[in-house]
Peer 1: 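Please see the structure below; I have some questions.
Computed over heavy atoms, backbone and side chain alike; hydrogens, waters and symmetry mates excluded. The structure displayed is predicted, hence computed values, not measured ones.
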Amino acid sequence: MPFIPHTQDDIAEMLASIGADSIETLFDEIPDDLKSGRLNKVPPGLSEMEITRLMMERANQDGFYQNFIGAGAYEHHIPAAVWQITTRGEFYSSYTPYQAEASQGTLQLLYEYQTMMASLTGMDVSNASLYDGATALAEAVLMAVRSHRSSRRILMPQTVHPVYKKVVHAIVGNQKIDIVELPFCTEAGRVLPESLEKFENEEFAALVIPQPNFFGVLEQVNELTDWAHSKKALAIGVVNPVSLALLTPPGEWGSQGADIAVGEGQPLGIPLSSGGPYFGFMACKNSLIRQIPGRIIGRTNDLDGKQGFVLTLQAREQHIRRSKATSNICTNQGLMVTAATIYMSLLGPDGLRRVAEHSHANTTDLIQRLEKIPGVESAFSSPFFHEAVLKLQKPVDDVLAKMRARGILAGLNLQVFYPEMENTLLVCATETKTEVDIQNYVTQFEQALK
């Protein structure tokens, strides 16, 4: 959004209108000893041209790297139109749309976002929205406990994103909710349905099912979902939205479909930017709609038959319910949702499918080439989406350091999160990688192993 400063005449006119002598007069209630005074360590102001040059110099210090990390934050191509539209003033400065008569544009966009996400996940309803994928999972856990009533235990595979697990523990750990870890098969890289036998006689509110899981591996979602329902537990799907352009949506898992689907919306048009901002999405069955946090936008007609959009389940009713309220999540990452809606609108179903197909093809190509290098092999035998785990005969940190020196962020050392997984590397390639990029990675990787 352009910066439009006030002129001295503008300032004088506004001060005269409110009867103040100066801007400082507006803050005369603040004691002098609390005022910071001059900011001596702040450099003098620069012109726009000078600022642009300074920022370019700072950016160049970071260098340019080919990114093959993934692990929950993905580098996808974002059409220029996405953020050109998103940063228009009417989107950029919009707030929680409590006043429907003044917020029809925002409400319509959120309604369209919900429609797209419900369609993508195969669920009945979507909210708009949550802070990030990790907190979305925590909210899904709380939903499951509220819905189940008799159990406060959640069965969560070790293949769920480690950061998501930490966030869930942080949010629900002091609410007398027990998170029980479900081990995975070290050969397949995923949960085997037979591993659930040990829990046959135990009661759980929900089973969490990541798809793909943190290793990029595809879980056996149909079997896991049906097992959860056979135990009267909810099935919570944690999904990558781009993968759903190819994979079976959570709403169609097993014989009845998952009950809740959550995930991180960053792959849908949100750039990688020093850890955020992101946004979480959540969709569920109609039977759980009263348990869903956040807000839900509805479409209706007024007395004149004119179409309008409203907050069907708005967060402010939760203030009245007090301790019985679901989490009151309002404005949160509204701008990110705006970008995601525009991104999905521009790409459409076919475009999103091509992104998913190219990402999978690039990762498959990269892994097949790397497996031909002595001392490199795939860690798991199961199918994957656009991430895969490699087993090396050399310390991963040494290889990553050498690759970084060559301008390549080669992946993630899994031993950081899984101490038992020594010398394992998680690698990701999206549709942004070219044949030249992939071959350069392979060439440099082979050199780094020497």
Peer 1: Using a strict 4.0 Å threshold on nitrogen-to-oxygen distance, state whether Asp398 and Lys394 make a salt bridge.
Peer 2: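 Judged by the 4.0 Å cut-off on N to carboxylate O distance, Asp398 and Lys394 do not form a salt bridge.
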Peer 1: Taking the side chain as everything from C-beta on, heavy atoms only, tell me whether Val125 gets closer than 4.5 Å to Gln114.
Peer 2: no
Peer 1: Set out, in order, the CA-CA distance, both residues' side-chain angles and the distance that settles side-chain contact (heavy atoms from CB on, under 4.5 Å) for Asp21 and Leu15, then state yes or no.
Peer 2: CA-CA 7 Å; Asp21 297 329; Leu15 290 172; over 6 Å; no
Peer 1: Is it the case that more than 12 heavy atoms not belonging to Leu303 sit under 6.0 Å from its CG atom?
Peer 2: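 Result for CG/Leu303: open.
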Peer 1: Classify the ring geometry between Tyr113 and Phe279 as parallel (under 30°), tilted (30 to 60°) or perpendicular (over 60°).
Peer 2: perpendicular
Peer 1: Kindly indicate whether the side chain of Gln175, heavy atoms from C-beta on, has any atom under 4.5 Å from the side chain of Leu142.
Peer 2: yes
Peer 1: Would you say that Asn286 contacts Leu288 through its side chain, given a criterion of any heavy-atom pair below 4.5 Å between the two side chains?
Peer 2: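 No - every pair of side-chain heavy atoms lies 4.5 Å or more apart.
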Peer 1: Look only at the side chain of Glu264 and the backbone of Ala134, and say whether a donor-acceptor pair between them is shorter than 3.5 Å.
Peer 2: no
Peer 1: Treating Asn60 as the side-chain partner and Met56 as the backbone partner, does any N or O pair qualify as donor plus acceptor under 3.5 Å?
Peer 2: yes
Peer 1: Are Gln158 and Glu181 close enough that a side-chain donor and a side-chain acceptor fall under 3.5 Å?
Peer 2: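 Result is yes, a qualifying pair exists.
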Peer 1: Does the pair Arg53 and Glu57 meet the rule for a salt bridge (charged side-chain N to carboxylate O under 4.0 Å, His left out), with working shown?
Peer 2: CA-CA 6 Å; Arg53 183 183 181 92; Glu57 291 173 351; 3.4 Å; yes
Peer 1: Is the side chain of Asp259 donor-acceptor paired with the backbone N or O of Ala235 at a distance under 3.5 Å, no angle test?
Peer 2: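 It does hold such a pair.
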Peer 1: Measure the shortest side-chain to side-chain distance between Leu110 and Arg295 over non-hydrogen atoms and say whether it is less than 4.5 angstrom.
Peer 2: yes
Peer 1: Check Asp124 with Lys285, please: is the shortest side-chain N to carboxylate O separation under 4.0 Å?
Peer 2: no
Peer 1: Find out whether Val168 and Ile179 are in side-chain contact, i.e. whether some heavy atom of one side chain is under 4.5 Å from a heavy atom of the other.
Peer 2: yes
Peer 1: May I ask you to decide if the ring planes of Tyr164 and His161 are parallel, tilted or perpendicular, using 30° and 60° as cut-offs?
Peer 2: parallel
Peer 1: Does a side-chain heavy-atom distance below 4.5 Å link Leu409 with Gln66?
Peer 2: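 Leu409 does not reach Gln66 side chain to side chain.
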Peer 1: Looking at Lys176, is its backbone amide N or carbonyl O close enough to the side chain of Arg152 to form a donor-acceptor pair, meaning the two atoms are under 3.5 Å apart?
Peer 2: yes
Peer 1: Please answer whether the main-chain N or O of Thr430 pairs with a side-chain N or O of Ser359 as donor and acceptor at a distance below 3.5 Å.
Peer 2: no
Peer 1: Can you find a heavy atom in the side chain of Met282 that is under 4.5 Å from one in the side chain of Pro293?
Peer 2: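 The answer is yes; the side chains approach within 4.5 Å.
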Peer 1: Here's one to test your reading of the geometry: is the NZ or CZ of Lys433 within 45 degrees of the ring axis of Phe68 and under 6.0 Å from its centre?
Peer 2: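 Yes, Lys433 sits over the ring of Phe68.
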Peer 1: Any carboxylate oxygen within less than 4.0 angstrom of a Lys/Arg side-chain nitrogen, looking at Arg369 and Glu435?
Peer 2: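 So Arg369 pairs with Glu435 through a salt bridge.
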Peer 1: Out of Phe184, Phe417, Phe385, which residue meets the ring pair (Phe, Tyr, Trp, His ring centres under 6.0 Å) rule with Phe215?
Peer 2: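 It is Phe184, the one option of Phe184, Phe417, Phe385 that forms the ring pair (Phe, Tyr, Trp, His ring centres under 6.0 Å) with Phe215.
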Peer 1: Compare all side-chain heavy atoms of Met117 with those of Leu268 and state whether any distance is below 4.5 angstrom.
Peer 2: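 In short, these two side chains touch, coming nearer than 4.5 Å.
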Peer 1: Tell me the side chain to side chain donor-acceptor pair (under 3.5 Å) pairs involving residues 400-429, sequence neighbours left out?
Peer 2: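 Non-adjacent pairs meeting side chain to side chain donor-acceptor pair (under 3.5 Å): Asp397-Asn413, Arg406-Gln444.
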Peer 1: Is there a donor-acceptor contact under 3.5 Å linking the side chains of Glu112 and Gln108?
Peer 2: yes
